[in-house]
Asker: 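Quick one: this structure, given as C-alpha cells, is what I'll be asking you about.
For clarity, every value in this text was computed on a predicted model and none was experimentally measured. Convention: sequence-line order gives letters A, B, ...; per-chain numbering from 1.
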Number of protein chains: 2
Amino acid sequence: MSLHQIRYFVAVAEEEHVGRAAERLRIAQPALSRQIRNLEAEVGTALFERTSRGMRLSSAGALFLSHARAILSSVESATAALRKR
Amino acid sequence: MSLHQIRYFVAVAEEEHVGRAAERLRIAQPALSRQIRNLEAEVGTALFERTSRGMRLSSAGALFLSHARAILSSVESATAALRKR
DNA sequence: GGAGTTTACGAATGTCGTAACTATC
DNA sequence: GATAGTTACGACATTCGTAAACTCC
C-alpha cells in the first residue's frame, strides 16, 4: 500500500467514476483502475461496487475512506511542519 | 515521499545507524542510504547529522519523526480496521 | 586501517500509456 | 452503439544489490 494508491482511492471515492478521477489525477484510466484493483487485492476486500454508471463505495470502502483521509492529512501536516520552520 | 521512505526514516532514526537499520529492514545499506538522501532532498532539509559513528537526528529530523510515526500509526489503524471487519 | 556512509552501475521490479476487450444499458 | 471498467503488452522509471570509493577517527 502506497500513498499514491491512497490518493487514487480517495479520488475515485469522491468522483465515483474512474474516468473522471483519472482525469483529475492526470493519469490514464487503466493505470488508475489497476491501482485500485491492486489496493483491493492487498487489503483483501472490495472497496467499491462496480455499477453500470461507475463505482460506488462498498461498506468496507466507506470505512477505509475516513482512514485514508486521516493518513493524507497526517502527511500534509508533516510536510507543512517541515516547510514552515 | 512514500510510505517506504517514511518507514526507512523511522528505522534509521531509531537505530541512529544506517547499517543496523538496513539489517532490520532486510535491505542493503546503500539502498537505505539513498532513500534517506532522496527523502531529505524532497523535503529540502537535512533530517540527520552525519557523525563519525552514525546518524543523529537533526532538529528538523526530530520534528519530522513524530509526524512520521503518526503517519505510520494512521496506516496501521486503517489496515487494522479493514482486517477486523 | 576500521567503521560508517555514499556513489557507480547493471538487474529486477513496478508503473504508466496505448490499444484492444468485456459488459451493461 | 455509447459508456464505463478491465486486460494485454511494450516502454519508461524507480528501486534494489554488489562492488568500489570516500571520510573521519
Asker: Just the rounded figure in Å: distance from P of C:dT5 to CZ of B:R53.
Answerer: 12 Å
Asker: Output yes when a side-chain donor or acceptor of A:S58 lies under 3.5 Å from a complementary backbone atom of A:A46, and no otherwise.
Answerer: yes
Asker: Using only side-chain N and O atoms of A:Q35, determine if any of them is under 4.0 Å from OP1 or OP2 of C:dC16.
Answerer: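 The answer is yes; a side-chain N or O of A:Q35 sits under 4.0 Å from OP1 or OP2.
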Asker: Starting the side chain at C-beta, find the nucleotide from D:dA8, D:dT15, C:dC9 nearest to B:R34.
Answerer: C:dC9
Asker: Looking at A:E14 and A:A11, would you say the former's side chain and the latter's main chain have a donor-acceptor pair under 3.5 Å?
Answerer: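 Not a single qualifying donor-acceptor pair exists.
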Asker: Of A:Q5 and B:E16, whose closest DNA chain C nucleotide lies nearer the 5' terminus?
Answerer: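 Comparing both residues, the 5'-ward one is B:E16.
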Asker: Using a 4.0 Å cut-off on heavy atoms, which residues in residues 17-32 of chain B reach DNA chain C? List them by number, or say none.
Answerer: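 DNA chain C contact set from residues 17-32 of chain B: B:H17, B:V18, B:G19, B:Q29, B:P30.
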Asker: Please report, rounded to the nearest Å, how far the P atom of C:dT6 is from the CD atom of B:E49.
Answerer: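 To the nearest whole Å, that distance equals 13 Å.
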Asker: To the nearest Å, how far apart are A:E42 CD and C:dT15 P?
Answerer: 10 Å
Asker: Does B:Y8 have a side-chain nitrogen or oxygen under 4.0 Å from the phosphate oxygens OP1 or OP2 of D:dC16?
Answerer: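 B:Y8 to D:dC16 OP1/OP2: side-chain N or O found under 4.0 Å.
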Asker: Can you see if the side chain of B:S33 gets near the phosphate of C:dT6 - specifically, an N or O under 4.0 Å from OP1 or OP2?
Answerer: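 Checking C:dT6 against B:S33, a side-chain N or O does come within under 4.0 Å of OP1 or OP2.
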Asker: Check the distance between C:dT15's P and A:I36's CD1 and give it to me in whole angstrom.
Answerer: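 Atom-to-atom, A:I36 to C:dT15, this comes out as 13 Å.
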Asker: Is any NZ, NE, NH1 or NH2 atom of the basic residue among B:R24 and B:E15 found under 4.0 Å from an Asp or Glu carboxylate oxygen of the other?
Answerer: yes
Asker: Run the salt-bridge test on B:E40 and B:R50 with the 4.0 Å N-O cut-off and return the result as yes or no.
Answerer: yes
Asker: For B:R37, report the nucleic acid contact type (base, sugar-phosphate, nothing); a contact means any heavy atom under 4.0 Å.
Answerer: sugar-phosphate
Asker: Is the backbone N or O of B:A13 less than 3.5 Å from a side-chain atom of B:E16, with the two atoms forming a donor-acceptor pair by type?
Answerer: no
Asker: What's A:F48 touching, base or sugar-phosphate or nothing? Going by heavy atoms closer than 4.0 Å.
Answerer: nothing
Asker: Going through the distances and angles, do B:H67 and A:S74 end up as a side-chain hydrogen bond (donor to acceptor under 3.5 Å, both in side chains)?
Answerer: CA-CA 7 Å; B:H67 287 276; A:S74 306; over 6 Å; no
Asker: From NE2 of A:H4 over to P of C:dT13, roughly how many Å is that when rounded to an integer?
Answerer: 22 Å
Asker: Rounded to the nearest 0.5 Å, what's the gap from OG1 on B:T45 to CZ on A:R85? Could you check?
Answerer: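 Going from OG1 on B:T45 over to CZ on A:R85, the span is 6.5 Å.
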Asker: From the set D:dG5, C:dC16, D:dC24, return the single nucleotide nearest to any side-chain atom of A:R50.
Answerer: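 Selected nucleotide (nearest to the side chain): D:dG5.
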Asker: Rounded off to whole Å, could you give me the CG-to-P distance for the B:N38 and D:dA13 pair?
Answerer: 16 Å
